[in-house]
Amino acid sequence: MMKLGLFVQGGGHHVAAWRHPSTPPGASQDFAHYAEIARLAERGRFDMIFLADTVGTFGPDDLEVWKRGHSASRLEPVTLLSALSSITTNIGFVATFSTSFIEPFHVARLFASLDKISGGRAGWNLVTSAAPSEPFNFSRDTHAPPAERYSRAEEFADVVVGLWNTWDDDAIIEDRDAGIFFDESRMHYLRHRGEFYAVRGPLTVHRSPQGHPVLVQAGQSDRGRELAARTADVIFTVQQEIDVSRAFRADVHARATKYGRDASAVKIMPGVVPFIGATREEALAKFEELQSLIHPELGIRILSELIGTDLSVYPIDGPLPEAPPKAGQEGRQRVVLEMAKRENLSIRQVYQRVAGARGHRIIHGSVKDIADDLEEWYSTGAADGFNIMPPLFPASLIEFVELVVPELQRRGLFRREYEGATLRENLGLPFPANRHAARA
Ligand SMILES: Cc1cc2nc3c(=O)[nH]c(=O)nc-3n(C[C@H](O)[C@H](O)[C@H](O)COP(=O)(O)O)c2cc1C
């Protein structure tokens, strides 16, 4: 069965969603709004809700762009998901937590607690962080170089998983007559000593009904893929082309096999932004309505960032100028410059294409068109499922749940009822045997 994650972001994934008349004012910080989304997603039998996170907003030089966008307005994800878990029964909850600014013990404990509170429905999206604004909130002014961030992340992930294994599933015996709370032979000190961390353990939280939280990652680089192949259960990814996505999935699965893992237990889920209409024309009109709400200053700023050249000095309806290669983003920059040249697009037309969905794949069409597209990607090995990114919350989610989900169910591609009570059971992932118990 196809897996579906719901990537939740305030009033919607489109950069101008908060300006649309259908989105409730204050959506991105309103618990009632998230509660409505969680209930809808569970009604649509989504596997999980996913929250991204950056631990910083823009700096003083970026106020012009910041004041026009809603993307940096968010609540702390684990806190929010803990509250949402108490009003739902089956849906899973994946929160992002960076390995760059906090100790692994904190992360192990936060997610083990979310896993207990939700009855085995928690997942951790490991990120290494890259947003320029973040270091300023943590007593530094730059990120460590990417290679060092990944070295730290690798050790961090090992410590977190190690701490999740410090109690056997049956360690807590609560023998009231004998006065023994836990069986010491089923508790294990971690005694980790590595390059970055020294952690004794054990954790203060015991094992949950799914063993331990699901591990999620989203790195695309060689180091990112390698870490994900070794440790992750689910991989979120940005993919525009079906062939490229198929190659990505095959590559990560081959790497997972190299680590002795069953490739089918590593789920690849690309992001998709669906615009749904009664007809293709209606879907396109919805898309264009939102595109027209992108404030020109915001659009120009996002495009300037992307191609590494200040475009505010050029006429907005004139051609996109040439730009020198932008270190670290040459691939994406080249795609945009070539598209503009090939199709003779103005600056306004280019930012309308790229600013809306932060590079994720946008599809527009009727319910049949959307279902056909997802079916093709799923059935030809380009994806195990999708990270659905509704352009507007709640309007586009309601359409997806009421129209697309039943069509996927009718085609036998998606569940009608949850398979189990935990996120692992619903994702079809194996129960992680406790390391120590497995060895004994
Ligand atoms: C769907 C998706 C969601 C992501 N969410 C976050 C996030 O919430 N916070 C973050 O700092 N990075 C996030 N990232 C970035 C990745 O985790 C990763 O750091 C980035 O792709 C750079 O790593 P790489 O060089 O290995 O690709 C996300 C990436 C994708 C594809």
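Numbering of ligands and ligand atoms starts at 1, following listing order. What's counted below: heavy atoms across the whole structure, side chains too, no hydrogens, waters or symmetry copies.
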Protein contact of [atom] - nearest heavy atom, named by residue and atom, plus distance:
atom	result
atom 1 (C) of ligand 1	F236 CB, 3.7 Å
atom 19 (O) of ligand 1	T128 OG1, 3.9 Å
atom 14 (N) of ligand 1	V127 CG1, 4.3 Å
atom 29 (C) of ligand 1	A218 CB, 3.4 Å
atom 27 (O) of ligand 1	Q220 N, 2.8 Å

Is it true that R39 and E42 make a salt bridge, defined as a side-chain N closer than 4.0 Å to a carboxylate O?
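Not counted as a salt bridge, because no side-chain N and carboxylate O are separated by less than 4.0 Å.
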Residues D158 and R230 bridged, charged N to O under 4.0 Å:
yes
With respect to [X], determine whether any N or O atom, backbone or side chain, lies less than 3.5 Å from an N or O atom of ligand 1.
X	answer
T54	no
Y150	yes
H360	no

Start with the C-alpha distance between R361 and E241, add both sets of side-chain angles, then the distance that settles side chain to side chain contact (heavy atoms under 4.5 Å, CB included), and finish with yes or no.
CA-CA 9 Å; R361 192 165 73 97; E241 307 290 335; over 6 Å; no
Do E425 and R121 have side chains that approach each other closer than 4.5 Å (heavy atoms only, starting at C-beta)?
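Result no, sub-4.5 Å side-chain heavy-atom pair not found.
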Apply side chain to side chain contact (heavy atoms under 4.5 Å, CB included) to R255 and D222, showing your working.
CA-CA 11 Å; R255 290 174 195 243; D222 195 60; 2.9 Å; yes
With a heavy-atom distance limit of 4.0 Å, tell me whether D53 approaches ligand 1 through its side chain, its backbone, both, or neither.
backbone
Out of all atoms in ligand 1, which are within 4.0 Å of some heavy atom of [X]? Include the element for each.
X	answer
S129	11 (O)
T96	7 (C), 8 (O), 9 (N)
S221	24 (P), 25 (O), 26 (O), 27 (O)

Please tell me if atom 22 (C) of ligand 1 is touched by the protein, where touching means a protein heavy-atom distance below 4.0 Å.
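False for atom 22 (C) of ligand 1.
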Decide whether T231 and Q217 meet the rule of one side-chain donor and one side-chain acceptor closer than 3.5 Å.
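A pair is found: one side chain offers a donor N or O, the other an acceptor, under 3.5 Å apart.
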Going by the rule ring pair (Phe, Tyr, Trp, His ring centres under 6.0 Å), which residues pair with F386 if we only count those two or more places apart in sequence or in a different chain?
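Result, ring pair (Phe, Tyr, Trp, His ring centres under 6.0 Å) vs F386: none returned.
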Please confirm whether G271 comes under 4.0 Å of ligand 1, counting heavy atoms of the residue only.
no
Step-by-step ring-ring contact (aromatic ring centres under 6.0 Å, His included) determination, Y197 to H192:
CA-CA 7 Å; Y197 303 105; H192 172 88; 7.3 Å; no
Checking heavy-atom distances from atom 31 (C) of ligand 1 to each of V55, N125, L227, V238, the winner is V238
When the side chains of residues 289-299 are checked against the rest of the protein, which donor-acceptor pairs come out under 3.5 Å, sequence neighbours left out?
{"from": "E289", "atom 1": "OE1", "to": "H20", "atom 2": "NE2", "distance (Å)": "3.3"}
{"from": "E289", "atom 1": "OE2", "to": "H20", "atom 2": "NE2", "distance (Å)": "3.4"}
{"from": "Q291", "atom 1": "OE1", "to": "H14", "atom 2": "NE2", "distance (Å)": "2.6"}
{"from": "Q291", "atom 1": "NE2", "to": "Q352", "atom 2": "O", "distance (Å)": "2.0"}
{"from": "S292", "atom 1": "OG", "to": "E289", "atom 2": "O", "distance (Å)": "2.7"}
{"from": "H295", "atom 1": "ND1", "to": "E297", "atom 2": "N", "distance (Å)": "3.1"}
{"from": "H295", "atom 1": "NE2", "to": "R68", "atom 2": "NH1", "distance (Å)": "3.3"}
{"from": "E297", "atom 1": "OE1", "to": "R68", "atom 2": "NE", "distance (Å)": "3.4"}
{"from": "E297", "atom 1": "OE1", "to": "R68", "atom 2": "NH2", "distance (Å)": "3.3"}

Pairwise distance OG(S85) to CD1(I91) - rounded to 0.5 angstrom
11.5 Å
